[in-house]
Structures are given as C-alpha cells and as structure tokens.
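Note that ligands are numbered from 1 as they come in the structure, with each ligand's atoms numbered from 1 the same way. Worth saying up front: this structure is predicted, and the values here are computed from it rather than measured.
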Amino acid sequence: MFDIEKVRADFPVLDQQLYGKPLVYLDNAATTQKPQCVIDAISHYYEADNANVHRGVHTLSERATAGYEGARKIIAGFFNARCEREVIFTRGATEAINLVASSWGGANVRAGDEVLITHMEHHSNIVPWQMLCEHVGATLKVVPINAQGELIMEAFEELLSERTRLVGVVHMSNALGTINPISTIIEKAHAVGAKVLVDGAQAAAHVAVDVQALDVDFYVTSAHKMYGPTGIGVLIAKESILKTMPPYQGGGDMIRVVTFDKTEFNDLPYKFEAGTPHISGAIGFGRAIEYIQSIGFDAIEKREKELLAYATAKAEVFDGLRQIGTAREKACVLSFVLDGVHPHDLGTILDREAVAIRAGHHCAMPVMDFFKVPATARASFSLYNTEAEVDALFAALKKAQEIFA
Ligand code: PMP
C-alpha cells in the first residue's frame, strides 16, 4: 500500500516553511529530493568506510570497494543489464552521452554518415552529437514534433536510412513530459543498422526500464533525478559494443599496464572509469534505487498518473493558461505559459508562496522555438507530491495573475 504520509516523512527537506508557508516542491524534473536512507548511506560511508577503491588491501578500502561495486550490482539489476560490466559510472547523463559521442562516435561515425536526434532533445543530447558531426563531417538530422509535443513517427521513418549511424532519443522529455515510443524507435533503427542511445535522465525514476527487453544499445541517466546524489550517473551499454570502444579518458583505474611505450587498458567496466570515482555518490545512487524498488513502479506510476490527471484537469479550466506539451503518452510534467505573466516573474511570485517551480527554456531551446515561446513555467511532480500541493500551485498562479492584471 502506498502511504503518502510515510513517503513524505522519508524526505526531511519537505518538512519546512518558506515565507511562513509550507514548502511545495514541484521542481522534480530539475532534481528530486533525497530520502533519509540515501543521506544516511552517504554519511555512513564517510563516517565509517572512507577509503579509495580497488587499490587498497586494507579493510576500509575493501569496504569502500564493496560499497561501490555493490551499487553497480544494484543498478545492473534495476535496469536488467546483462552483467555488471555493462554499467559504467559517469558524472551523470550528460557525461554518459559525451562518452558515447566521443568514444563510440569517434570510432564509428564518418564523413557522409548521419546522426538522427529529435526536436525535443535536451541540450545534453544535442550538443555532443553536433560537436561529433562537425568534427568528422557527418550530418545531424532532426525528427520533427507535432503541436502536442509528440514525435512525428512517419517523419522518423523517412529520415532513417542506411546512412544513419545512431539515433539519439529522449525517453521522457523534461520540457514537455512526452514519453516516446522508444521500443518502436529501437526496432526501426536496428532494421537499418543504426545504434540507439536513449536519454533516460527523466524517465528512469518514473517508469520501469529493461535494457534487454528494449534491446537498447546505450541507456543513460543521472542519479540526482532518481532520489540519489548529484555528480553521479550511468551509461548502460551492451558489452559487445563497449568492448569495441576506445577509452574515453586516460588515467588511473582504466589501465592494466603502463609503460612509456604503450598502455594496456583495463577490463570493462573500469576501462571507462578513469580516476578516483565518486564513491559516496555511487553508494547513494544504489541506496536510492533500493528506495524506488521498495515502493515499486506499479505504485509510483499509479500515483504520478493520478497527480498529473488532477493537475491537468485544473490547467485545462484555468483562464489564460496554455499548456505546452499535451502528448497522449505523458508523465508528471506540466509545462505552461500564462497570458500576461512572463514565466520568470511567475517563478519569482510563486517562490514567495513557497511553491518551487522551474521557469526557463529547460535546456531545450529548440522546443521553445517550436512553440514560439521564450520560456515556460514547469511544475514537475514526484511520488511525494500531493493534490493539496497542486491546489497550492493553482492558488499561487491565481495570485500572480491578480498582481499582473
Ligand atoms: N536529458 C534530460 C531529458 C534531462 O532532463 C537532463 C537534466 N535536466 C539531462 C539530460 C542532463 O542531465 P544531467 O545534467 O544530470 O547530466
């Protein structure tokens, strides 16, 4: 049974007042709050086990290594990776995409080839491909979207060809909430011999992901949007592909033997983890995943669907509010503009009502261009949000409207 009071009590930050009003945190797409168990796991590591990993023979180093590698095992299980060698720790989704663009892209994308992304990508899944294409003389192609903020799948199929080396697609859009049909996209991309990278930065906390069932080549995400710490994320990739990829960065941990003549690289996954890793981050990430598992995606998806439906119904009848992103398949993001109030002003007024939302281009400027808005206000929900908080959002919007009337 999903017990909202118990869930909220797991997140200490939620229990506070701003400007004399209870905090309403609706900026979960930017980063989620952290449950006490994650905070404790990180503190415990520093209080009891802190040491460097993989190198030491002493007890603390063994404990640190067990914590770090234990987290990898939890993550592999969560995403149903074939084995732990398929889980590469990175600083986050952005670094994971850069790793693939640089290492796999550098080795496999040539002049005349195409990389196909979509109009709703986060800048993190645009710029690395743009840089790669410029570097090697390849072409970046873009799948268009419709007025609801959905991919136009017929156009996707037309753009796909034997020149396409890679398709990069966001699983769930941070700017629109759209959930993309990644299974179909992967199948069609594979049919022309292209690899697929799915940006799961938003999706991974909200829907179950099975990388084997999807047959996805590269899946990336960040811990901090999954109730875990900042500065850590993963690239999950097929071992058969990772084996063929050159290292991304050089340094400690990614080598087996170094001489001035030649370096022999380490096995997977260490070949892609140069330098001392974010040990406490990985441990916190592992604990965050266990927290998600303890609640379960059935309960999470049900709860978040209810909240989105509740908020959407209110948005639809709110005078002067235009929703940006009304896809049929959508999750827990309400992006909108309000007549006569700039999103940034809205964000500031809402903050005085203790309602935290995001205002801006959400690192998805092409989406803003498509909808012809400079920015949107975005309320994004998580499993700990309540209907009362949605009410507080709309009461605050009313107030903002009155101020600007
Ligand atoms: N992709 C999407 C869809 C995102 O929402 C974000 C974060 N806003 C990123 C990529 C980048 O994630 P990070 O900054 O954690 O690397």
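Using bins of under 30°, 30° to 60° and over 60° for the plane-to-plane angle, the ring pair Phe318/Phe394 lands in the tilted bin. Ring geometry for Tyr291 versus Phe11: interplanar angle over 60°, hence perpendicular rather than tilted (30 to 60°).
In this structure, His224 has a heavy atom closer than 4.0 Å to ligand 1. No heavy atom of Asn125 sits closer than 4.0 Å to any atom of ligand 1.
Here the protein heavy atom with the shortest distance to atom 4 (C) of ligand 1 is His122 CD2, 3.3 Å. Nearest to atom 10 (C) of ligand 1 among the protein's heavy atoms is Asp199 OD2, 3.3 Å. With respect to atom 8 (N) of ligand 1, the closest heavy atom belonging to the protein is Lys225 NZ, 2.7 Å.
Each of the atoms 1 (N), 2 (C), 4 (C), 6 (C), 9 (C), 10 (C) of ligand 1 lies under 4.0 Å from some heavy atom of Ala201. Close approach of ligand 1 to Thr94 is summarised as follows: ligand atoms under 4.0 Å from at least one heavy atom of the residue are 11 (C), 12 (O), 13 (P), 14 (O), 16 (O). Listed by number with element, the atoms of ligand 1 under 4.0 Å from a non-hydrogen atom of Val170 are 3 (C). Each of the atoms 3 (C), 4 (C), 5 (O) of ligand 1 lies under 4.0 Å from some heavy atom of Gln202.
Between Ser124 and ligand 1, no pair of N/O atoms sits closer than 3.5 Å. For a threshold of 3.5 Å applied to N or O pairs, the pair formed by Ser222 and ligand 1 contains at least one separation below that value.
Checked for salt-bridge contact, Arg163 and Asp113 miss the test: no charged N lies under 4.0 Å from a carboxylate O.
At a cut-off of 3.5 Å, with distance as the only test, a side-chain donor of Tyr219 or His171 sits close to an acceptor on the other residue. A donor atom on one side chain and an acceptor atom on the other are not found under 3.5 Å apart for Ser382 and Thr32. Asn28 and Tyr384 form a side-chain donor-acceptor contact under 3.5 Å, judged by distance and modelled atom types alone.
Within 6.0 Å of the CE atom in Met131, the count of heavy atoms belonging to other residues, nucleotides or ligands does not exceed 12. Atom CG of Asp3 has more than 12 heavy atoms from other residues, nucleotides or ligands within 6.0 Å.
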